[in-house]
**Student:** 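One structure, pasted below without further comment.
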Amino acid sequence: MKIQDILTKTRTISFEFFPPREATGINAVLNKIESLQSYSPNFISVTYGAGGSTRKFSEELTTKAKTQYDVEVMAHLTCVGHTVKELDEILERLEASDIENIIALRGDLPNHQRINLTDDSGFEYASDLISHLNRIYSFGIGAACYPEGHPEAVSFEHDIRYAKLKVENGADFLITQLFYDNDDFFRFVDKARAIGINVPIIPGVLPVLSSNQIRKFTRLCGARIPPDLEMQLAKYENDDEGARAMGVEYATCQVQGLWDSGVSGIHFYVLNRSYSVSKILDNLRLERSLL
Ligand SMILES: Cc1cc2nc3c(=O)[nH]c(=O)nc-3n(C[C@H](O)[C@H](O)[C@H](O)COP(=O)(O)OP(=O)(O)OC[C@H]3O[C@@H](n4cnc5c(N)ncnc54)[C@H](O)[C@@H]3O)c2cc1C
């Protein structure tokens with residue numbers, strides 16, 4: 001089923017996993033996926049290692065998850081470092097494995113290497129990959145967006161216009177980068193609607209797992225740590241268990257706040273650690289029925 005059709009449900013949740021570095025790790029990730037099946041995700045997704053080392057396991061995990069569990073699986077695909085021919089080969093295999101949805105991304109080369117397009121063989125931006133998908137294939141198409149702007153963007157205004165270009169080129173829905181202040185998300189959605197982005201925008205939520213981890217992630221993706229969260233992180237600087245418990249409470253409030261404001265879909269960055277997400281959903285289930 002296409003994700004844009006799934007998103008017509010009143011409330012959806014989705015979980016994102018990443019592939020292992022070795023083939024022997026596939027079963028461990030499948031076990032994590034299985035451990036969250038009781039929360040009835042509306043879809044799950046499997047990331048694609050733009051850097052290269054885990055690429056082949058993305059496809060294997062995506063197709064195995066789709067075959068083994070009764071859940072829609074969205075494949076992430078990055079165009080950086082791939083020729084169009086290579087992308088087509090992957091897309092044809094995904095199509096043959098009944099994968100119906102792709103989130104089309106640019107990706108990042110390791111160590112900020114420059115993208116070399118001198119031989120004209122690849123795509124420079126996610127919007128180019130989206131045009132290609134839209135022209136040739138029948139996948140449901142997702143794309144990334146950035147409530148606080150992409151770190152390389154010339155400006156927030158440029159970045160949101162490129163998000164619009166992705167939609168104009170065929171993206172059916174957008175999923176946001178992580179953020180920790182819901183107001184940043186609401187402001188982004190207001191601006192997106194004002195410039196004519198009318199597709200669903202799903203907030204991406206990453207529960208804090210440790211103070212170090214969240215500082216590193218936010219630095220890399222250019223997201224802000226709001227003062228109230230910064231105070232909490234400082235308390236649990238060398239206490240990962242405490243930070244994780246605080247992260248569950250923080251994300252529970254964040255998701256509740258999004259729901260209360262009428263947001264219907266939530267995408268959890270699970271990072272292959274099911275504990276926090278299951279605790280958050282247990283907390284929320286105490287408040288009201290999930291679906
Ligand atoms: C929901 C989500 C899932 C992700 N999954 C993965 C994954 O599986 N694997 C992975 O490696 N990474 C993943 N990422 C990270 C993503 O690859 C990086 O954020 C990457 O730096 C940008 O990808 P993009 O698709 O947003 O790129 P683009 O949309 O191409 O944007 C990249 C930069 O170029 C600018 N830009 C865009 N179009 C143009 C244009 N036409 N002209 C000039 N400038 C332009 C933008 O403002 C931005 O600064 C994910 C991110 C999100 C939010």
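Note that these values count all heavy atoms, side chains included, but never hydrogens, waters or copies made by symmetry. Atoms within a ligand are numbered from 1 in the order they appear, just like the ligands themselves.
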**Student:** Where do Leu209 and Ala243 come nearest, in terms of heavy atoms and distance?
**Tutor:**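 Looks like O-CB, 4.4 Å.
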**Student:** Contact between Lys166 and ligand 1, counting heavy atoms under 4.0 Å?
**Tutor:**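 Per 4.0 Å heavy-atom rule, Lys166 contacts ligand 1.
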**Student:** Checking salt bridge (Lys or Arg N to Asp or Glu O under 4.0 Å) for the pair Glu152/Arg106: CA distance, chi angles, key distance, verdict?
**Tutor:** CA-CA 12 Å; Glu152 288 165 37; Arg106 184 197 70 178; 2.8 Å; yes
**Student:** Between Asp228 and Gln232, does the side chain to side chain donor-acceptor pair (under 3.5 Å) criterion hold? Intermediate values first, please.
**Tutor:** CA-CA 7 Å; Asp228 56 338; Gln232 296 291 329; over 6 Å; no
**Student:** Listed by chain and number, what are the ring-ring contact (aromatic ring centres under 6.0 Å, His included) partners of Phe139, not counting sequence neighbours?
**Tutor:** Tyr137
**Student:** Is atom 31 (O) of ligand 1 close to the protein, meaning a heavy atom under 4.0 Å from it?
**Tutor:** no
**Student:** Would you say CZ of Arg21 has more than 12 non-hydrogen atoms from neighbouring residues, nucleotides or ligands within 6.0 angstrom?
**Tutor:** no
**Student:** Starting from atom 18 (C) of ligand 1, locate the nearest protein heavy atom and write down its residue, its atom name and how far away it is, to 0.1 Å.
**Tutor:** Asp108 OD2, 3.4 Å
**Student:** Compare Tyr269, Phe156, Tyr146 and give the one whose heavy atom is closest to atom 23 (O) of ligand 1.
**Tutor:** Tyr146
**Student:** Of the protein's non-hydrogen atoms, which lies at the shortest distance from atom 34 (O) of ligand 1, and what is that distance?
**Tutor:**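 Scanning the protein heavy atoms, the shortest distance from atom 34 (O) of ligand 1 goes to Tyr125 CE2, 3.4 Å.
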**Student:** For Lys56, is there an ion pair with Glu60 - N to carboxylate O distance below 4.0 angstrom?
**Tutor:**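 Answer for the salt bridge query: no.
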**Student:** Within a distance under 4.0 Å of any heavy atom of Gln177, pick out the atoms of ligand 1 and give their elements.
**Tutor:** 53 (C)
**Student:** I need the nearest protein heavy-atom contact for atom 47 (O) of ligand 1: residue, atom name and distance, please.
**Tutor:**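 Here the nearest protein heavy atom works out to Asp159 OD1, 2.6 Å.
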**Student:** Which of the atoms of ligand 1 are close to Thr78, meaning less than 4.0 Å from one of its heavy atoms?
**Tutor:** 9 (N), 10 (C), 11 (O)
**Student:** To the nearest 0.1 Å, how far is atom 25 (O) of ligand 1 from its closest protein heavy atom, and which atom is that?
**Tutor:**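 Nearest protein contact, heavy atoms only, for atom 25 (O) of ligand 1 is Arg106 N, 2.8 Å.
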**Student:** Can you tell me which residue and heavy atom of the protein come closest to atom 14 (N) of ligand 1, and the distance to 0.1 Å?
**Tutor:**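 For this ligand atom, the closest protein heavy atom is Leu105 CD2, 4.2 Å.
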**Student:** Considering both backbone and side-chain atoms of Ala126, is one of its nitrogen or oxygen atoms within less than 3.5 Å of a nitrogen or oxygen in ligand 1?
**Tutor:**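 Yes; the residue has a nitrogen or oxygen that sits under 3.5 Å from a nitrogen or oxygen of the ligand.
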**Student:** Any idea which part of His76 is under 4.0 Å from ligand 1, heavy-atom wise: side chain, backbone, both or neither?
**Tutor:** side chain
**Student:** Hey, could you give me each pair passing side-chain hydrogen bond (donor to acceptor under 3.5 Å, both in side chains) that has a residue in residues 237-255? Not counting sequence neighbours.
**Tutor:**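 Only Asn182-Gln254, Arg215-Glu237, Thr252-Asn283 qualify under side-chain hydrogen bond (donor to acceptor under 3.5 Å, both in side chains).
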**Student:** Going by heavy-atom distance to atom 17 (O) of ligand 1, choose the closest among Ser155, Gly81, Gly107.
**Tutor:** Gly107
**Student:** Return the closest protein heavy atom for atom 36 (N) of ligand 1 as residue, atom name and distance.
**Tutor:**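 Here the closest protein heavy atom is Tyr162 CD1, 3.4 Å.
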**Student:** By number and element, which atoms of ligand 1 are closer than 4.0 Å to a non-hydrogen atom of Glu152?
**Tutor:**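 Ligand 1 atoms under the 4.0 Å threshold to Glu152: 49 (O).
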**Student:** Distance to 0.1 Å, residue and atom name: give those for the protein heavy atom nearest to atom 52 (C) of ligand 1.
**Tutor:** Ala144 CB, 3.6 Å
**Student:** Within a radius of less than 6.0 Å around CD of Glu89, do more than 12 heavy atoms belonging to other residues, nucleotides or ligands occur?
**Tutor:** yes
**Student:** Within the 4.0 Å heavy-atom shell around Tyr48, which atoms of ligand 1 are there?
**Tutor:**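 By the 4.0 Å cutoff, the relevant atoms are 7 (C), 8 (O), 9 (N), 10 (C), 11 (O).
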**Student:** In ligand 1, which numbered atoms sit nearer than 4.0 Å to a non-hydrogen atom of Ala153?
**Tutor:** 47 (O), 49 (O)
**Student:** Carefully, step by step, assess Asn198 and Lys164 under the rule side chain to side chain contact (heavy atoms under 4.5 Å, CB included).
**Tutor:** CA-CA 9 Å; Asn198 291 320; Lys164 185 175 182 211; over 6 Å; no
**Student:** State the atoms of ligand 1, each with its element, that fall below the 4.0 Å cut-off from a heavy-atom position in His150.
**Tutor:** 19 (O), 20 (C), 21 (O), 22 (C), 33 (C), 48 (C), 49 (O)
**Student:** Regarding Glu157 and Arg161, does a basic nitrogen lie under 4.0 Å from an acidic carboxylate oxygen?
**Tutor:**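 Here Glu157 does not pair with Arg161 in a salt bridge, since their nearest N and O are not under 4.0 Å apart.
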**Student:** If you count the non-hydrogen atoms of other residues, nucleotides and ligands that lie under 6.0 Å from CZ in Arg224, is the total more than 12?
**Tutor:**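 Enclosed.
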**Student:** Salt-bridged, Lys2 to Glu72, with N to O below 4.0 Å?
**Tutor:** no
**Student:** Identify, by atom number and element, the atoms of ligand 1 in contact range of Ile175, meaning under 4.0 Å from any of its heavy atoms.
**Tutor:** 1 (C)
